[in-house]
Protein chains: 2
Amino acid sequence: MNASAKPERTRLSAEDWEDAALRLIADQGVGALAVEALARQLGVTKGSFYWHFRTREALLQAALERWEQYGEKEVISQIEAMPDPRARLPELFRRVAHEIAPHRVYAALLKALDHPQVVPVMARVSQRRMEFLTTIYSEAGLSPDEALNRARLTYAAYVGFLQLNFTLGLPRISHDEFDAYVEHMIRTLTPA
Amino acid sequence: MNASAKPERTRLSAEDWEDAALRLIADQGVGALAVEALARQLGVTKGSFYWHFRTREALLQAALERWEQYGEKEVISQIEAMPDPRARLPELFRRVAHEIAPHRVYAALLKALDHPQVVPVMARVSQRRMEFLTTIYSEAGLSPDEALNRARLTYAAYVGFLQLNFTLGLPRISHDEFDAYVEHMIRTLTPA
DNA sequence: TGCAATCCATACTCATGCGTATGGTACCGA
DNA sequence: TCGGTACCATACGCATGAGTATGGATTGCA
């Protein structure tokens with residue numbers, strides 16, 4: 001509401017625009033990514049934008065690549081470091097369930113799969129995560145076929161949950177109820 | 001490519017526009033719903049449209065309500081008519097899995113949840129389906145809490161699958177592989 | 001201090017897509 | 001057959017948002 005929205009009023013870099021783009025995408029979706037809106041939000045005008053990027057498409061591309069880089073590396077590596085394979089799945093489930101912020105961009109991109117630029121990025125990211133899940137299920141004792149199908153099921157449940165709760169506001173689930181849901185998921189999807 | 005695209009060249013009704021709108025939504029999403037594009041596709045001009053509808057928004061509203069009406073009534077009633085409660089879930093899973101066409105609109109609307117008009121419609125439809133699922137799980141022997149959570153999980157898996165396969169083209173799963181996945185889902189999500 | 005390179009503002013053009021105004025044509029009952 | 005209603009075409013106005021042209025301001029560096 002005051003000057004805190006425009007901190008320091010310094011000059012901008014391409015990365016600043018990309019970060020702002022990702023924030024806007026997380027909040028309002030890819031369709032709302034307009035250069036003049038972004039410029040207003042950053043306290044400048046289009047003149048600045050078109051110095052850093054050739055086109056709006058170029059910004060989206062750069063923002064997507066930046067998001068793909070930042071990735072989910074730390075979560076994956078931390079899970080892989082756990083000694084007991086059977087303990088990995090519950091831990092993964094609980095972690096993902098309680099860190100909502102990083103998934104907001106993914107949820108927004110999920111709704112923009114008609115846009116040609118986001119499809120390959122989402123395909124790569126989803127593929128990597130699926131392979132990771134498949135590996136964990138394998139190490140937890142499932143056969144290759146079972147592990148793959150269980151990974152598909154788990155990942156679909158994850159994606160569907162994002163849609164149904166982030167964007168659609170289905171019967172606003174309470175915090176305790178959500179925890180119970182996660183534990184139910186673990187019991188149902190994790191090999192006994 | 002020829003005249004078969006414009007059949008009979010008769011006059012149009014509001015319902016014709018609504019059906020065309022739903023077809024376009026299923027194919028290209030809510031964002032692609034433009035009156036001039038629709039008019040071209042129907043072989044007329046905007047002049048026709050604005051006789052039947054006051055605005056683009058009104059068309060979307062009418063189309064959504066029409067879609068909600070058509071509903072999933074027959075599937076639900078047929079499943080409910082089955083005598084053995086334990087047999088209902090596998091049957092439901094297999095049916096839904098093999099009738100893709102009716103779910104294309106739902107999948108498209110799922111990507112348009114930022115649009116204020118679609119949210120209430122999707123909320124109602126999803127809510128009804130969730131309640132139906134919860135009931136079936138209850139009748140199959142789960143406790144109320146377990147039934148609700150299992151319904152959430154199942155429905156999330158359904159929604160996620162739509163996203164990952166319709167829109168994103170993840171490693172194009174073959175027909176046999178898909179059947180195996182469905183059976184895996186039944187084994188995993190259905191009470192033993 | 002001065003001069004480039006970097007960064008940004010202002011003022012345009014242009015395309016798209018919604019909505020309106022108005023006149024024309026097809027169909028239907030009296 | 002004739003008038004009125006239902007349906008459609010054409011030609012606009014108008015807002016939005018991308019992209020361009022050009023000049024001004026600011027910074028790093030010699």
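Chain naming here is simple, since letters A, B, ... match the order of the sequence lines and numbering starts at 1 in each. Source: prediction; values computed, not measured.
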Closest nucleotide among [options] to the [X] side chain:
X        : options                  : value
Val35(B) : dC18(C), dA18(D), dA9(C) : dC18(C)
Lys46(B) : dC8(D), dA11(D), dA9(D)  : dA11(D)
Tyr50(B) : dC8(C), dA18(D), dT20(C) : dT20(C)
Ala34(A) : dC8(C), dG17(D), dG19(D) : dG17(D)
Val44(A) : dA9(C), dC7(D), dA18(D)  : dA9(C)
Glu36(B) : dA9(C), dC7(C), dC18(C)  : dC18(C)

In plain terms, say whether [X] and [Y] are close enough for a salt bridge, that is, a side-chain N and a carboxylate O under 4.0 Å apart.
X        : Y         : result
Glu91(B) : Arg86(B)  : no
Arg94(B) : Glu183(B) : yes
Asp19(A) : Arg66(A)  : yes

Whole Å only: how far is the [atom1] atom of [X] from the [atom2] atom of [N]?
X        : N       : atom1 : atom2 : answer
His52(A) : dG19(D) : NE2   : C1'   : 16 Å
Asp16(B) : dC8(D)  : CG    : C1'   : 14 Å
Leu24(A) : dG17(D) : CG    : C1'   : 14 Å
Phe49(A) : dT20(D) : CZ    : P     : 11 Å
Trp51(A) : dT27(D) : CH2   : P     : 15 Å
Leu12(B) : dA26(C) : CG    : P     : 15 Å
Leu59(B) : dC18(C) : CG    : P     : 10 Å
Arg54(A) : dA21(D) : CZ    : P     : 13 Å

Check your understanding: Do Glu131(B) and Gln127(B) have a side chain donor and acceptor closer than 3.5 Å?
Key ->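 Gln127(B) and Glu131(B) do have a side-chain donor-acceptor pair below 3.5 Å.
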Check your understanding: What about Arg11(A): does its side chain form a donor-acceptor pair under 3.5 Å with the base of dT6(C)?
Key ->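 Per atom types, the contact qualifies.
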Review point. Taking only N and O in the side chain of Thr55(B), is any of them less than 4.0 Å away from OP1 or OP2 of dG19(C)?
Key: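 For dG19(C), OP1 or OP2 has a side-chain N or O of Thr55(B) closer than 4.0 Å.
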Review point. Can you tell me how far the OH atom of Tyr106(B) sits from the NZ atom of Lys111(B), to the nearest 0.5 Å?
Key: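 Here the interatomic distance stands at 14.0 Å.
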